[in-house]
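Below: the structure, in structure tokens.
Residue numbering restarts at 1 for every chain, and letters A, B, ... go by the order of the sequence lines. Here the structure is a predicted model, which is why all the values come from computation and not from measurement.
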Amino acid sequence: MKKVKKDDIQKIEEYLWEIPKSFREDMRVPARILANETLLDDILDDRSLSQLVNVACLPGIKKASLVMPDVHEGYGFPIGGVAATAHPEGAISPGGIGYDINCGVRLHVSKLQREEVENRLEDLTKELNAQIPSGMGKGGPIKVYADEMDEVLTKGAEWAIERGYGSKEDLQFIENNGRLPFADPGYVSAMAKNRGADQLGTIGSGNHFVEVDYVEEIYDDIIAQTYGLQKGQVVVLIHTGSRGLGHQVATDHIRSMMAAMPKYGIQLPDRELTCVPFNSEEGQDYFKAMCAAANFAWCNRQVISGGVANAWQTVFGKDGGQLRLLYDVAHNIAKVETHTTEDGPRKVIVHRKGATRAFGPGSDELPEAYAKAGQPVIIPGSMGTCSYVLAGAPKSEEMTFGSCCHGAGRRLSRTAAKKQVNAPVLKQELREKGILVEGSYRGIAEEAPIAYKDVDLVVDTVETSGIAKKVAKLKPMAVIKG
DNA sequence: ATGTAC
């Protein structure tokens with residue numbers, strides 16, 4: 001396969017680069033990279049750009065194959081990628097969504113200030129760790145079987161709210177109100193349901209976490225006020241997805257799609273791009289299952305919010321107040337949306353893999369309270385650095401199908417990170433910086449700050465590109481990991 | 001990411 005070299009990439013505007021369609025004859029659209037030169041140079045040596053070019057070959061892809069500045073290699077598609085295909089006959093590809101269907105983040109805001117929480121940080125960390133199971137394969141206190149699981153898969157976050165995890169007001173602050181209507185549990189295998197049966201309310205491992213932060217800086221006073229963020233305020237960030245259930249949904253449907261592909265005469269440069277027409281039987285089966293797994297993930301994050309609230313109340317009592325949900329947004333998902341393409345406005349299937357929806361002001365997908373501000377875009381950084389709250393801006397519609405980056409983005413593989421990092425030492429270093437970390441040494445090593453790109457650089461790139469606006473910077477105080 | 005490899 002022809003490797004992408006710097007000479008093959010044209011700069012088309014500040015922080016926007018293009019690999020033209022002429023680069024390889026199987027490309028159907030150009031490939032575009034949102035990055036500054038430093039971030040671009042970092043990805044020339046790995047497979048990110050080859051994968052980006054491969055995605056440009058998908059049947060029905062519109063306008064361009066895109067990557068955000070936090071891009072890195074993934075299964076078939078790069079992580080940090082966006083691909084929109086023609087609805088209804090264009091491709092749907094599980095690799096464009098990822099194994100962790102509806103991996104996403106939610107942010108809660110507390111009424112407490114940094115100083116008030118700092119005094120009790122040890123206790124709070126212990127309590128969060130006790131309330132929220134983490135780690136590979138770890139189960140939680142709730143068990144959902146048979147009909148009840150089908151209800152979770154259909155209702156999403158609402159299922160948890162009905163059982164006392166959070167309140168009805170939360171729903172409007174979740175992307176799609178925490179429920180995709182096309183979910184059909186009938187397309188989720190018994191094995192997938194079984195793997196998820198005891199995993200509601202658990203964070204899993206890898207980059208998943210529950211983190212306590214304080215607002216270190218406000219960049220946009222008006223939007224911050226709209227979102228209810230103030231300097232010094234303590235917030236809680238939750239990052240997890242659909243656990244073993246979503247993973248099994250991806251596994252099952254990738255397998256059946258691979259078998260079905262010849263029937264549709266689809267040929268692709270990489271078998272990991274497996275896809276079928278969205279409106280084919282296999283495409284619809286996967287889509288319904290993917291929506292169900294997405295609902296499971298929203299339910300999972302909602303149950304975790306309940307665990308966080310319990311820990312909060314235990315440590316701070318009634319005076320600690322509530323943890324209002326600021327927003328919950330997915331970054332591994334496919335959606336049918338209307339966007340402007342080379343055909344004008346039309347329906348497309350937007351694959352976001354390690355990319356966050358970032359709708360600008362005026363979108364009717366936003367809660368009323370945020371209509372003028374734009375959608376909150378939550379960007380978790382790495383463990384010891386910082387995270388950001390951004391607001392979706394108008395240019396995201398023009399440039400990225402209403403999408404933005406999803407984090408700092410890996411620069412080292414998990415294995416490379418483990419080789420370079422001494423976890424006990426890192427844990428102690430972070431403690432000396434005032435950051436308490438609970439998690440396995442393996443998890444801590446794999447997620448070390450050195451394993452990630454510079455989140456400040458990533459965020460500056462998306463802001464300069466105009467797809468999102470900086471609202472606030474969050475500094476970690478305590479992290480619970482798998 | 002993931003009962004860390006069909």
Using a 6.0 Å distance limit plus a 45 degree cone around the ring axis, check whether A/Arg357 lies over the aromatic ring of A/Phe359. yes
Here the distance between atom C1' of B/dT2 and atom CG of A/Asp100, to the nearest Å, is 9 Å
A/Pro449 side chain reached by A/Thr385 side chain, heavy atoms, under 4.5 Å: yes
Looking at B/dT2, I'd like to know if its phosphate oxygens (OP1 or OP2) sit under 4.0 Å from a side-chain N or O belonging to A/Ser205. yes
Measuring to OP1 and OP2 of B/dC6, would you say a side-chain N or O of A/Arg255 lies under 4.0 angstrom away? no
Rounded to the nearest Å, what distance is computed from the CD atom of residue A/Gln248 to the P atom of nucleotide B/dT4? 11 Å
Tell me: CZ of A/Phe296 to C1' of B/dT2, nearest whole Å? 13 Å
Please lay out, stage by stage, how A/Asp328 and A/Arg301 fare under the test salt bridge (charged side-chain N to carboxylate O under 4.0 Å, His left out). CA-CA 9 Å; A/Asp328 177 314; A/Arg301 291 199 285 275; 3.0 Å; yes
For A/Glu446, answer base if it contacts any base atom (sugar-phosphate contacts may also be present), sugar-phosphate if it contacts only those atoms, and nothing otherwise; contact means non-hydrogen atoms under 4.0 Å. nothing
Touch class at under 4.0 angstrom, heavy-atom based, for A/Met258 against every strand present: nothing
Taking all heavy atoms of A/Val303 and all of A/Gly201, pick out the closest pair and write down the distance. CG1-CA, 3.5 Å
Would you mind classifying the nucleic acid contact of A/Gly206 as base, sugar-phosphate or nothing, using non-hydrogen atoms under 4.0 angstrom? sugar-phosphate
For the pair made of NE2 in A/His208 and C1' in B/dT4, what is the distance, rounded to whole Å? 15 Å
Any side-chain heavy-atom pair of A/Glu446 and A/Leu412 under 4.5 Å: no
Which part of the nucleic acid, if any, lies within reach of A/Arg442 when heavy atoms closer than 4.0 Å are counted: base, sugar-phosphate only, or nothing? base
A/Lys418 NZ to B/dT4 C1': how many Å, rounded? 8 Å
Atom CG of A/Asn194 and atom P of B/dT2: how far apart are they, to the nearest Å? 16 Å
Rounded to whole Å, OH of A/Tyr99 lies from P of B/dT2 at a distance of 13 Å
To the nearest Å, how far apart are A/Glu447 CD and B/dT2 C1'? 14 Å
